[in-house]
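What follows is a set of notes on a single structure, which appears directly below.
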Amino acid sequence: MNHLHIRLATPADADTIAPLFDAYRQFYDQAPDLAGAQRFIADRLTRGESCILIAFDAAAAADTPAGNAIGFCQLYPTFCSVESAPIYTLYDLFVSPSARKTGAGRGLLIAARDHARAQGKVRMDLTTAHTNTTAQSLYESLGWVQDTVFRAYSQRVA
């Protein structure tokens, strides 16, 4: 992972993240929409509604922004009523197909955990597709525990 540079995104990074976010959405069977992806990311960052960590390849150094963006994860701040404490929902994690197996996903998850701790969060939650066994193996290798107590539901309202 020392060949990667991971940092917190700013609103100026929206154009850099947008192609990765659009590819992430396509992975989940959404139609390509680069302009919509850019708007969505820019709005989240500008409004402070999420934290996004970006992974850059080896061309990026800690003191220079150069390098190719190869992955990102997006965290949404929320609360756990039962624990009466702040948490993050890790909603998006994506690494470009050409950069998979490089440690970028692992690096992003570790950076997210460290950022959550620094922000006083007590926990992070995530969901993934039942068929995404590669991601599940990664999560479990880093100490994430599958919830076998609660069942998730959703309802479209629009």
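Within the structure, side chain to side chain donor-acceptor pair (under 3.5 Å) pairs that include any residue of residues 132-142 comprise R106-S141, T128-N132 (at least two apart or interchain).
At a threshold of 4.5 Å between non-hydrogen side-chain atoms, the residues L4 and I70 count as touching. The shortest side-chain heavy-atom distance between R7 and I54 falls under the 4.5 Å cut-off.
Under the 4.5 Å side-chain contact rule for hydrophobic residues, F79 and Y76 do not share a cluster. L109 and V122 sit in two unconnected hydrophobic clusters of ILVMFWY residues. Membership requires side-chain heavy atoms under 4.5 Å apart, directly or through other members. Taking hydrophobic clusters as Ile, Leu, Val, Met, Phe, Trp and Tyr residues chained together by side-chain heavy-atom distances below 4.5 Å, L93 does not share a cluster with I87.
A pairwise comparison of heavy atoms in C51 and Y88 identifies SG-OH, 3.3 Å as the closest pair. Scanning all heavy atoms of the two residues, the minimum distance from L138 to G105 falls at CD2-C, 3.9 Å. Of all non-hydrogen atoms in A112 and M124, the two that sit nearest each other are O-SD, 3.8 Å.
Distance alone, capped at 3.5 Å, places no donor-acceptor pair between the H3 side chain and the G103 backbone.
In this structure, CD1 on I52 lies 9.0 Å from SG on C73, to the nearest 0.5 angstrom. Rounded to the nearest 0.5 Å, atoms NE2 (H115) and CG (L108) are 12.5 Å apart. Taking CD1 of I17 as the reference point, atom CG of L53 lies at 9.0 Å (rounded to 0.5 Å). To the nearest 0.5 Å, atom OG of residue S96 and atom CG of residue L20 are 4.5 Å apart. The line from CZ of F56 to OG1 of T16 is 6.0 Å long, rounded to the nearest 0.5 Å.
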Report, one line per pair, each donor and acceptor closer than 3.5 Å where one atom sits in a side chain of residues 31-44; sequence neighbours left out.
{"unit_1": "D33", "atom_1": "OD1", "unit_2": "G36", "atom_2": "N", "d": "2.8"}
{"unit_1": "Q38", "atom_1": "NE2", "unit_2": "D15", "atom_2": "OD1", "d": "2.9"}
{"unit_1": "R44", "atom_1": "NE", "unit_2": "E49", "atom_2": "OE1", "d": "2.7"}
{"unit_1": "R44", "atom_1": "NH1", "unit_2": "F40", "atom_2": "O", "d": "3.3"}
{"unit_1": "R44", "atom_1": "NH2", "unit_2": "E49", "atom_2": "OE1", "d": "2.7"}

Could you list the donor-acceptor pairs under 3.5 angstrom formed by side chains in residues 142-158, with sequence neighbours left out?
{"unit_1": "D147", "atom_1": "OD1", "unit_2": "V149", "atom_2": "N", "d": "2.7"}
{"unit_1": "D147", "atom_1": "OD1", "unit_2": "F150", "atom_2": "N", "d": "2.9"}

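Between L126 and the choices D92, L75, L90, T89, the side chain to side chain contact (heavy atoms under 4.5 Å, CB included) rule is met once, by L90.
Using cut-offs of 30° and 60° for the angle between ring planes, the Y24 and Y28 rings count as perpendicular.
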